[in-house]
Amino acid sequence: AYLYYGLGHQDREVQNAIALAADLGGIERIWLDCEADANNEAAGMTPNGRINATHFAAASVIGMGVQPGIYTYGPYWKSQMANTTEFSSFPLWHAQYGVGGSPIGPVTNVNYGGWSMLAAHQYTSIVNVCGRGRDHNYWYLEDELSAEDKARLDRLERFFSYRVTEAEREARLKELDSPLITFDVT
């Protein structure tokens, strides 16, 4: 839910997100997007005003039985939210891109707003999907996965991280006794 601080839109955005979560069912988190600029908030908005509006939005989400999370980026939070730690109990979805929005490697730790660990890192907004630039993220929410999904993720991680050693390759080739079958160990 994008928070248009002081314009009244944030209430509508939060209520729309809550209604959608209820309609779809199974939605366990609504992310509160805290990154408004001067074009998307009331004139004269202060950090205290933004903090109060974020509290109101979080209370609305919690009141509907859904957990809030915070989407923001460090420079914004530090300057426009006075680096408040009042929301550090909520998971953080951190935005940080490379130069010109280019992708960067995963960021897993930050030092602002009382957060150190991340739930997610949005690392670019320029990946072309169907002719449009799209956001891409690294997700670190394994603690919220079901046991079945954790097991599936563990199997995938083992599969993609497995490397065939030269000894295993040679043993397999002898076992197969076929010059037509080879393994690439690179």
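One is the number of the first residue; the rest follow in order along the sequence. Hydrogens, waters and symmetry mates are skipped; everything else that's a heavy atom, side chains included, is used.
The structure places CD of Gln96 at 9.0 Å from CG of Leu118, a figure rounded to the nearest 0.5 Å. Here the straight-line distance linking atom CZ of Arg29 with atom CD1 of Ile27 works out to 11.5 Å at 0.5 Å rounding. If you take NZ on Lys78 and OH on Tyr73, they are separated by 12.5 Å, rounding to the nearest 0.5 Å. To the nearest 0.5 angstrom, Ile18 atom CD1 is 5.5 Å from Ser60 atom OG. Annotation: the span from Thr46 atom OG1 to Glu41 atom CD amounts to 9.0 Å, rounded to 0.5 Å.
Arg50 places a side-chain N or O within donor-acceptor distance of the main-chain N or O of Met45, the cut-off being under 3.5 Å. Asp37 places a side-chain N or O within donor-acceptor distance of the main-chain N or O of Asn40, the cut-off being under 3.5 Å. Ser88 places a side-chain N or O within donor-acceptor distance of the main-chain N or O of Thr85, the cut-off being under 3.5 Å. Judged by distance alone, with hydrogens and angles left aside, the side-chain atoms of Thr72 form a donor-acceptor pair with the main-chain N or O of Cys34 at under 3.5 Å.
In terms of heavy atoms, Val107 sits closest to Tyr140 at O-OH, 3.0 Å. Looking at every heavy atom in both residues, Thr84 comes nearest to Trp77 through O-NE1, 2.9 Å. Closest approach of Asn109 to Met117, counting heavy atoms only: ND2-SD, 3.3 Å. The shortest heavy-atom contact between His121 and Trp93 is N-CD1, 4.3 Å. The minimum heavy-atom distance linking Ile126 with Gly100 is given by the pair CD1-O, 4.2 Å. Heavy atoms only, all atoms of each residue included: Leu32 and Thr54 are closest at CD1-O, 4.2 Å.
In the hydrophobic clustering of ILVMFWY residues, with side-chain heavy atoms under 4.5 Å counting as a link, Ile70 and Ile62 come out together.
A donor-acceptor contact closer than 3.5 angstrom links the side chains of Tyr71 and Gln122.
Side-chain contact between Asp135 and Tyr123: absent, with no pair of heavy atoms (C-beta onward) separated by less than 4.5 Å. Contact of the Leu92 side chain with the Val110 side chain is registered, since non-hydrogen atoms from C-beta on lie closer than 4.5 Å.
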Checking side-chain contact (heavy atoms from CB on, under 4.5 Å) for the pair Glu28/Gln67: CA distance, chi angles, key distance, verdict? CA-CA 6 Å; Glu28 297 177 9; Gln67 294 299 309; over 6 Å; no

Apply side-chain contact (heavy atoms from CB on, under 4.5 Å) to the pair Ile51 and Met81, showing each step before the final yes or no. CA-CA 6 Å; Ile51 291 166; Met81 299 293 283; 4.1 Å; yes

Check against side-chain contact (heavy atoms from CB on, under 4.5 Å), Glu35 and Asp33: CA-CA 6 Å; Glu35 60 173 339; Asp33 190 338; 2.8 Å; yes

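Tested against His94, the residues Trp139, Tyr112, Tyr138, Trp31 include a single ring pair (Phe, Tyr, Trp, His ring centres under 6.0 Å) partner, Tyr112.
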